[in-house]
Amino acid sequence: KHGNADRRTSFYCSIIMDYFVWENEQKVSALNVKQSGAVFSSVLLLLFSLTQFSVVSVAAYLALAALSATISFRIYKSVLQAVQKTDEGHPFKAYLEIEMTLSQDQISKYADKILLYTNTCMKELRRLFLVQDLVDSLKFAVLMWLLTYVGALFNGLTLLILGVVSMFTMPVVYEKHQAQIDQYVGLIRTQVNGVVGKIQAKIPGAKRKEE
């Protein structure tokens, strides 16, 4: 049983580490500093807009802004070609010829990943709510209790904004202060393990059986 818990923990840690490794590789290989700033600003502006307007209004305004820009540019290029008597063709021809369809292999790949994560989450929630392991269920209950306070202070959109800010700032902060962060995380982990050990010793049936 203890071995199953360790394997589950390793599985979740590998998922999180794979995500952050993928994110960092994408940032290094596909985005420079200016592009990262543009993406960060755009996402943050979108989220702040959603705090003031409905999703439908934000989507409609974004579509109108994009159409205004593309239509204006198309008319400008058409007039310019008419004045200069050139035939450069459609100004967005290169983008119109980009292949945007997903292959069957790509769809199957993403569907398999989504199915794997969904099944894993469902099994984990069943295990926690049906108290397969008392200590893990107690941890989950404490987490839900803490989230009630978080929900009283922040709504979901605010938490999403904080999550986006953390995604773009935490990797840089961790890279610069890795030793200190690892030290504090180790101390916290030791304290948590000590508290859990005391709880396991005092609650009958809470201590995991060794395989």
Nearest-0.5 Å distance that lies between atom CD in Gln132 and atom CG in Leu134: 12.0 Å

Over 12 non-hydrogen atoms of neighbours within 6.0 angstrom of CE in Met122: no

Nearest non-hydrogen partners of Ser68 and Ser72, listed with the distance: O-OG, 2.6 Å

Gap between atom CG of Leu125 and atom OG1 of Thr120 - 0.5 Å precision: 11.0 Å

Linked, directly or transitively: Val142 and Leu138 (ILVMFWY side chains, under 4.5 Å): no

Single-linkage hydrophobic cluster, 4.5 Å side-chain cutoff, Ile107 and Ile114 together: no

Hydrophobic cluster membership, Leu128 vs Leu147, 4.5 Å side-chain cutoff: yes

Whether Thr148 side chain and Trp145 backbone form a donor-acceptor pair below 3.5 Å: yes

Over all atoms of both residues, closest heavy-atom pair of Ser166 and Pro171: O-CD, 3.7 Å

What donor-acceptor contacts under 3.5 angstrom involve side-chain atoms of residues 39-52, with partners at least two apart or in another chain?
{"unit_1": "Ser41", "atom_1": "OG", "unit_2": "Gly37", "atom_2": "O", "d": "2.8"}
{"unit_1": "Ser42", "atom_1": "OG", "unit_2": "Ala38", "atom_2": "O", "d": "2.7"}
{"unit_1": "Ser49", "atom_1": "OG", "unit_2": "Leu45", "atom_2": "O", "d": "2.7"}
{"unit_1": "Thr51", "atom_1": "OG1", "unit_2": "Phe48", "atom_2": "O", "d": "2.4"}

Met170 with Val164, same ILVMFWY side-chain cluster at under 4.5 Å: no

Interatomic spacing from CD in Gln183 to CD1 in Ile188 - rounded to 0.5 Å: 11.0 Å

Whether over 12 other heavy atoms sit under 6.0 Å from Gln178 CD: yes

Note, Asp112 side chain near Leu116 side chain (heavy atom, < 4.5 Å): no

Separation of Lys123 NZ from Asn119 CG (nearest 0.5 Å): 6.0 Å

Single-linkage hydrophobic cluster, 4.5 Å side-chain cutoff, Tyr149 and Leu159 together: no

Phe92 atom CZ, over 12 foreign heavy atoms within 6.0 Å: yes

Nearest-0.5 Å distance, CG of residue Leu96 to NE2 of residue His90: 5.5 Å

Which atom pairs, one a donor and one an acceptor, fall under 3.5 Å between side chains of residues 76-85 and the rest of the protein, sequence neighbours left out?
{"unit_1": "Ser78", "atom_1": "OG", "unit_2": "Arg74", "atom_2": "O", "d": "2.9"}
{"unit_1": "Gln81", "atom_1": "NE2", "unit_2": "Gly89", "atom_2": "O", "d": "3.1"}

Side-chain H-bond candidate by donor/acceptor type, Ser108 with Asp105, under 3.5 Å: no

Inter-residue atom distance Leu143.CG - Phe140.CZ, 0.5 Å rounding: 6.5 Å

Minimal non-hydrogen separation, Asp136 against Arg127, with atom names: OD2-NH1, 2.9 Å

